[in-house]
Each structure stands twice: as C-alpha cells, then as structure tokens.
Enquirer: 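One structure follows; several queries about it will come next.
In listed order, ligands and their atoms are each counted from 1.
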Amino acid sequence: MALFSFGFVFLRSIRPDFSKKEVFEMNHKLPEMFGSMVFNEDMMRQRLPKETYKVWKAAMERGKRLDLETANTIANSMKDWAIEKGATHYTHWFQPMTGVTAEKHDSFLSPKDDGGVIMEFRGKELIKGEPDASSFPSGGLRATFEARGYTAWDPTSYAFIKDDTLCIPTAFCSYGGQALDKKTPLLRSMEALNKQALRVLKLFGNEDVERVSTTAGPEQEYFLIDKTLFDKRKDLRFTGRTLFGAPAPKGQEMDDHYYGTIKTRVKAFMKDLDEELWKLGVYAKTEHNEAAPAQQELAPIFTTTNIAADHNQLTMEVMKKVALRHNFVCLLHEKPFAGVNGSGKHNNWSLATDTGINLLEPGETPYENIQFLLFLSAVIRAVDEYQDLLRVSVASAGNDNRLGGDEAPPAIVSMYLGEELTGVLEALCRDLGYTADKTLMKVGVHVLPTFAKDTTDRNRTSPFAFTGNKFEFRMLGSSASISGPNVVLNTIVADVLSDFADVLEKSENDFNSAVHDLICETYLAHKRIIFNGNNYSEEWVKEAEERGLLNLKTTVDALPHYVAEKNVALFARHKVYSEEELTARYEIKIEKYCKVTAIETATMLEMAKKEILPAALSYTNRLAETCRTKLLVDASLPCLAEKKLIGQLSNLCDELYREVELLEKAAADAQKVSDPMDKAISYKDHVLPAMETLRKTADSLETIMADDARPFPGYGDLLFTV
Ligand code: ADP
Ligand code: MG
C-alpha cells in the first residue's frame with residue numbers, strides 16, 4: 001500500500017504529459033514492477049534464514065567480508081529466485097577501465113556423477129570469479145602470464161536479472177590486489193571519506209553516526225536519432241558523432257524543443273525505458289526534451305555513489321537497447337553534432353550519515369549550521385587545491401569537443417555558492433582574528449537562511465555549483481562512467497577533512513571558536529575558487545587567470561596533472577590508488593585519447609575519399625551533362641548556373657583532395673611517435689586542426705549540392721525527423 005501511494009505521487013510528479021488513464025494504468029503496474037528484477041534487501045529478508053540475513057546486513061553496513069557458509073546460503077537462495085524469474089545463466093558484472101561494463105556468462109547447469117545435470121550456484125561463485133580478462137586494458141599492471149584477474153562481489157550493490165542472466169555487481173582486481181576496474185577505487189574512496197568524516201563528526205559529538213556515505217544523482221543527457229538514418233552514416237556508426245555536416249537551416253535558436261511537447265514515438269520509448277529501469281530498481285525520475293533538437297535527459301533519484309555508478313552504467317546500456325526497439329539509436333557521445341548543444345552528465349553529490357542527515361544541508365539550529373559550514377569549507381578548499389584532478393576526471397577526447405563551448409562549463413574549474421551563502425561567509429569571516437569579539441561572529445551562524453533551490457540553481461554556467469543541499473559537478477561528459485569524478489571528489493574532500501580533524505583534535509581553544517577559526521581561515525585562503533558570475537564570458541577567462549586558477553583546455557593539457565607528485569601522494573595517503581595504479585590509469589587515458597582520434601581520422605578519410613569526393617564529382621558530371629543537353633537544344637544558352645556551380649565544385653573538390661592528403665600525412669606522423677604523451681600531443685596539435693579544415697571544405701560542398709546528390713543524410717534529416 002505504501003508503495004502504491006509512492007507510485008501514485010511518483011508518477012504524477014514525473015509524468016505531467018501522461019493522461020489520467022495512462023497514469024492509472026502505470027500506477028497499477030508500478031508496485032509489482034519496481035525492483036522486480038533485483039535481489040534486494042526486501043528479497044533477502046524474505047528468502048534468507050534470519051541468521052544469514054543478519055550476517056549479510058552487518059557485512060554490508062560495516063564493509064565486512066562474507067564467510068563462505070553465509071555466501072553459500074545466499075548464493076543458493078539467489079539462484080532459486082533467479083531461476084523462478086526465468087534466468088538460466090549468471091555473470092559477474094564489472095566495469096573494467098574501458099569505461100563500459102563487462103560480463104562473462106556461465107550457466108547454472110552443473111554435471112552430476114550419473115551423467116545428468118543439476119542447477120547449481122555456490123557461494124564461492126557468488127563472491128569470487130575469475131574472468132579471463134587479458135584483453136581488458138590494465139596499463140601494464142598485469143603481465144600476460146598472469147592475465148587472470150579476479151572479480152569479487154560488492155555486497156552493497158544488489159544482484160539483478162538482465163537478459164535472463166543473474167548479474168552480480170563485482171569489483172575487478174589483479175592477483176596482486178591492484179584495481180583493474182572503476183568500482184574498486186570508488187569503494188576505496190568512499191571508505192576514505194567515511195573514515196575522515198566520522199572523525200570530524202565525533203568531534204561535534206555525533207556519537208550515534210556509524211557511517212558516512214557519499215550520494216550521487218547523475219542527470220544523463222542523450223540524443224535519439226532515427227536508426228535508418230544513423231545506419232547511413234559511417235561517422236555515427238564508427239565514432240558515435242558526426243565528423244561532417246553543414247548546419248540545418250534551423251538549429252536550437254527558437255528554443256522550441258526545450259520542455260516542448262514530447263513526440264509520440266519518443267514518449268513510447270520513454271515509457272518503455274522507465275519500465276525497464278524500474279524493474280532493475282533504478283529510480284528514473286524525469287525525462288524531458290533538452291535544449292538541442294532530438295536531445296533528452298533522464299534524472300534518477302540519488303543514491304549511494306557506488307550504486308549510482310552501477311545504475312548509471314545500467315541506464316546507459318538499457319537506453320541503447322530500448323532505443324533500438326523503437327528504431328532509434330541512442331547517442332551518448334559528448335558532442336554528436338557541431339553547432340548544437342552537446343551532452344553532459346550533471347553529477348549531483350553530497351554526504352549523508354547512516355542516521356539520515358545530509359551534511360551539506362544547512363540545518364535549523366546554529367549547531368547544525370556551524371557543522372554545515374565546516375563541511376562546506378572543506379569542499380571549497382578541496383576544489384581549489386585539486387582543480388587539476390577534477391579537470392582530469394572529466395577529460396576525454398569526446399568531452400574536449402564540448403567543454404568551453406557556449407553550452408557547457410568552461411575548462412576552468414570554479415565554484416558557485418550564490419550571493420546569499422557567499423555573503424554569509426563574508427560576514428562571518430571578515431573580521432576574524434582581528435577583533436576579539438567572537439560571540440558577535442557566531443551570531444552570523446544563528447541566522448543562516450535556508451537556501452531555496454531556485455535562488456541557488458540560477459547560475460547554469462558554473463562547473464561546480466552549490467544547489468541548496470548538494471553540489472552539482474557539471475563538467476562530466478555524457479558517455480563516461482561517473483566513477484572517476486566521484487573517486488576524485490571523495491578523496492579530495494576526505495583529505496581536507498582529515499586535515500580538519502587533525503587541527504580540531506589538537507586545538508586547545510574552545511571547540512566552537514576553533515571551528516570558526518578553521519572555517520574562516522579556509523574560506524579566506526581559498527575564496528579565489530568561488531565565482532558567482534557568468535562562466536561563459538571572456539572576462540572570466542581573464543579574471544580566472546589573474547586569480548591564478550588553472551585553465552587546462554584539453555585532455556592533453558590536463559592529463560599530466562594526474563600523476564603530479566602532490567596527486568600521487570594524495571591517492572596513496574588515502575589508499576585509493578597506489579602510484580602504480582595511478583600511472584596505469586594515466587597511460588590508459590592517453591592511449592584512449594590517441595585511439596579515439598585515430599579512429600575518427602580514419603573514418604573521416606574514408607568518408608571523404610569514398611563518399612564525399614565521388615558524390616561531388618558525379619554531381620559535377622550531372623551538371624555538365626545538363627549543360628551539354630541544353631546546348632544541343634540551343635547553342636546560345638548561357639548555362640550560367642551550371643558553370644558557376646561546376647567552378648565552385650571543382651575548386652572545393654581540389655581543396656578537399658589536398659586536405660585529405662594533409663590529414664593522411666598528419667595521421668601517419670602521429671602514428672609514428674612512440675612516446676604516448678608525445679603522440680597525444682601530435683594528435684592534438686596536428687591531426688585535430690587538419691580534421692577541422694577538411695570538415696569545413698566538405699561542409700561547404702554539402703551546401704551547394706542537390707539533396708539527392710549528397711552521399712548521406714545531413715543535419716536537417718538527423719535532427720528534425722524524430
Ligand atoms: P532538478 O530540478 O534539476 O531536477 P533536483 O534537486 O530535484 O533538481 O535533482 C537533481 C538531481 O540531484 C536528481 O538526480 C536528484 O536525485 C539529485 N539529488 C538530490 N539530492 C541529492 C543529494 N543529497 N545527493 C546527491 N544527489 C542528489
Ligand atoms: Mg542539473
């Protein structure tokens with residue numbers, strides 16, 4: 001019943017576009033559908049012996065290991081449940097450093113001595129797996145002779161059924177214990193943050209708090225494109241974005257897509273997507289048209305960061321699958337279309353105690369407020385000290401096409417607090433230490449206003465915005481896993497909290513004054529990172545430079561900071577990455593940048609040589625034929641249009657041909673460079689500009705060719721036919 005009314009409110013709030021009848025129908029399905037494919041806590045409570053359930057729960061809450069006996073009991077019960085739901089296989093579902101998810105399916109069937117078979121799934125198969133994973137990137141962490149890593153169940157993330165397979169969310173490590181995936185460091189960073197936040201909370205006397213978790217709610221943007229059109233474009237098929245394409249006569253300038261009426265076909269897709277996600281226990285909350293034509297967004301209800309990361313991976317996978325059912329292709333690339341907004345992922349982030357307190361929520365009492373301000377200043381300092389790491393965490397070839405455009409945050413990391421909260425900090429800290437009257441200062445905290453979302457969320461240009469009771473990190477690209485950025489956020493805040501705890505534990509002042517001093521020292525030392533103005537403006541770029549903030553424009557500029565001495569030390573200090581693990585990740589990121597650019601180059605060259613140039617030459621021929629026919633009829637006809645067009649086409653084709661040769665040369669030169677970083681630099685400095693030049697010429701050709709002479713569908717078709 002509770003779930004029923006939850007469903008009612010839930011649907012009414014997220015689906016204003018649904019008719020009453022539709023809401024009614026969905027509403028009936030929701031309670032039994034939600035989480036129906038998840039072996040969640042409810043299921044465990046129902047199905048496991050009481051003792052086993054208790055052991056699992058303790059393991060989950062305190063990060064303890066499961067003993068084999070408990071694992072056996074859980075595995076057996078999980079298997080029975082999965083078979084009832086029609087599953088035949090199981091897999092350890094994990095997130096290697098490629099950024100996508102991987103699975104290796106095994107059947108529940110086991111041979112019996114008498115030659116028959118039984119359905120079996122044992123505890124050791126639940127808690128540990130050994131995928132042959134030699135082809136996953138390891139950045140040199142695993143020599144091929146010990147190619148097998150192992151996967152281990154993350155009991156804080158529930159098993160679920162997808163495509164008749166029981167999926168067990170797992171971490172993936174080498175036998176030496178080195179992390180080979182995205183989940184392991186995320187869990188480690190959550191642990192680091194838990195440890196340091198607890199130290200601080202104990203000092204405030206919060207004896208009842210046993211655990212602090214980070215929470216995330218990633219809003220996911222994406223494009224829906226007709227599959228028939230998608231199939232006709234090699235660039236979309238091979239790279240996920242258009243490498244050519246002149247602008248359509250109409251773009252997003254009318255702003256008529258944003259929150260516009262959702263088209264029937266898109267609506268059918270969304271309904272289907274919602275149902276699939278709800279079955280998997282993903283609380284998909286809102287889906288609406290985004291600013292660009294054909295662009296949409298999905299926001300889940302936030303949850304613990306590691307589950308949010310798992311759910312986001314699942315969401316992306318399900319989006320793509322469901323899109324195909326509706327003859328759409330879901331594009332998750334950061335910049336599928338030039339001149340039209342790209343897609344990002346807003347990572348809403350906060351800290352929550354197991355007693356249900358959001359530590360970034362300004363409270364109602366002065367005591368709660370001073371605690372809030374301390375956590376807030378920890379984030380301020382962390383973001384300022386580790387701007388470089390935050391920038392690195394969102395760096396990719398795809399995101400380079402988006403960051404710094406007029407639609408996405410710039411590459412400069414800064415923080416938005418809003419005038420109100422900045423005002424509070426200013427008032428609180430202006431006279432700190434210079435007047436003895438600390439009682440007066442504390443008064444400021446008594447009157448902390450509650451920060452209404454609509455006043456804090458207005459600045460959409462900030463890369464890192466405080467939005468009332470959480471931060472919204474807006475630089476993430478749409479296709480990437482949210483793990484990396486959250487690993488950084490958790491670790492850098494843990495580091496500052498650790499420092500704060502050291503200071504406060506040693507302080508001889510009375511606790512309140514010590515906290516005040518700390519808040520203000522921190523704020524005054526790091527307020528350069530706070531910027532409440534327009535991040536898209538030219539002036540900001542200049543001002544940021546004067547403030548000494550970093551402006552790491554591209555992935556290649558940002559990456560070296562990943563392995564800077566201070567960052568290696570940071571990750572080692574909190575046992576999130578060893579130096580070896582960090583270096584491996586750095587190398588994988590460079591390699592990926594080079595590979596993506598190489599594939600894009602090859603695709604461009606192929607399209608230019610095999611499609612664009614031949615099409616333009618045939619079109620020229622068609623014009624010449626027309627001209628000849630006309631002259632046969634009347635030799636005095638001027639054929640002005642044909643001649644002009646032939647002239648333009650001829651020039652552009654020659655230019656295109658030259659530029660193809662230049663791009664080929666630049667690509668070959670880059671390929672030859674052996675040092676990975678130098679290679680990336682060569683791609684960035686020589687290949688990317690050559691790609692851009694070639695594109696310009698091809699797009700000019702497109703604008704003078706007849707629709708039926710063009711080799712593949714253009715922007716108008718792709719963006720305005722959904
Ligand atoms: P909007 O108006 O943009 O939908 P909301 O505040 O409702 O803004 O939510 C945006 C996203 O932030 C949602 O995915 C939501 O679940 C998430 N979110 C809200 N509170 C938190 C929190 N404390 N921690 C992490 N994410 C959160
Ligand atoms: Mg948002």
Enquirer: Which one of Ala352, Pro300, Gly468 has a non-hydrogen atom at the shortest distance from atom 14 (O) of ligand 1?
Expert: Pro300
Enquirer: Please identify which of these residues, Phe471, Tyr386, Phe531, Trp349, meets the ring-ring contact (aromatic ring centres under 6.0 Å, His included) condition with Phe464.
Expert: Phe471
Enquirer: Who are the side chain to side chain donor-acceptor pair (under 3.5 Å) partners of Ser213, not counting sequence neighbours?
Expert: none
Enquirer: If you measure from CG on Leu360 to OG1 on Thr467, what distance do you get to the nearest 0.5 Å?
Expert: 9.5 Å
Enquirer: How close do Thr215 and Ala352 get, heavy atom to heavy atom, and via which atoms?
Expert: CG2-CB, 4.1 Å
Enquirer: Quick check on contacts: which atoms of ligand 1 are under 4.0 angstrom from a heavy atom of Asn358?
Expert: 23 (N)
Enquirer: Which atoms from ligand 1 have a heavy atom of Ser350 less than 4.0 Å away?
Expert: 22 (C), 23 (N), 24 (N)
Enquirer: Flag Ala299 as yes when one of its N or O atoms lies below 3.5 Å from any N or O atom of ligand 1, and as no otherwise.
Expert: no
Enquirer: What part of Glu472, side chain, backbone, both or neither, has a heavy atom within less than 4.0 angstrom of ligand 1?
Expert: neither
Enquirer: Return yes or no for this condition: an N or O of Thr215 is under 3.5 Å from an N or O of ligand 1.
Expert: yes
Enquirer: Identify the heavy atoms of Gln95 and Asp181 that sit nearest to each other, and give their distance.
Expert: O-CB, 3.1 Å
Enquirer: Does the gap between the ring centers of Tyr158 and Phe39 come in under 6.0 Å?
Expert: no
Enquirer: Would Lys470 count as a polar contact of ligand 1, with the cut-off being nitrogen or oxygen pairs under 3.5 Å?
Expert: yes
Enquirer: Ignoring angles and geometry beyond distance, decide whether Ile301 reaches within less than 3.5 Å of ligand 1 through its nitrogen or oxygen atoms.
Expert: no
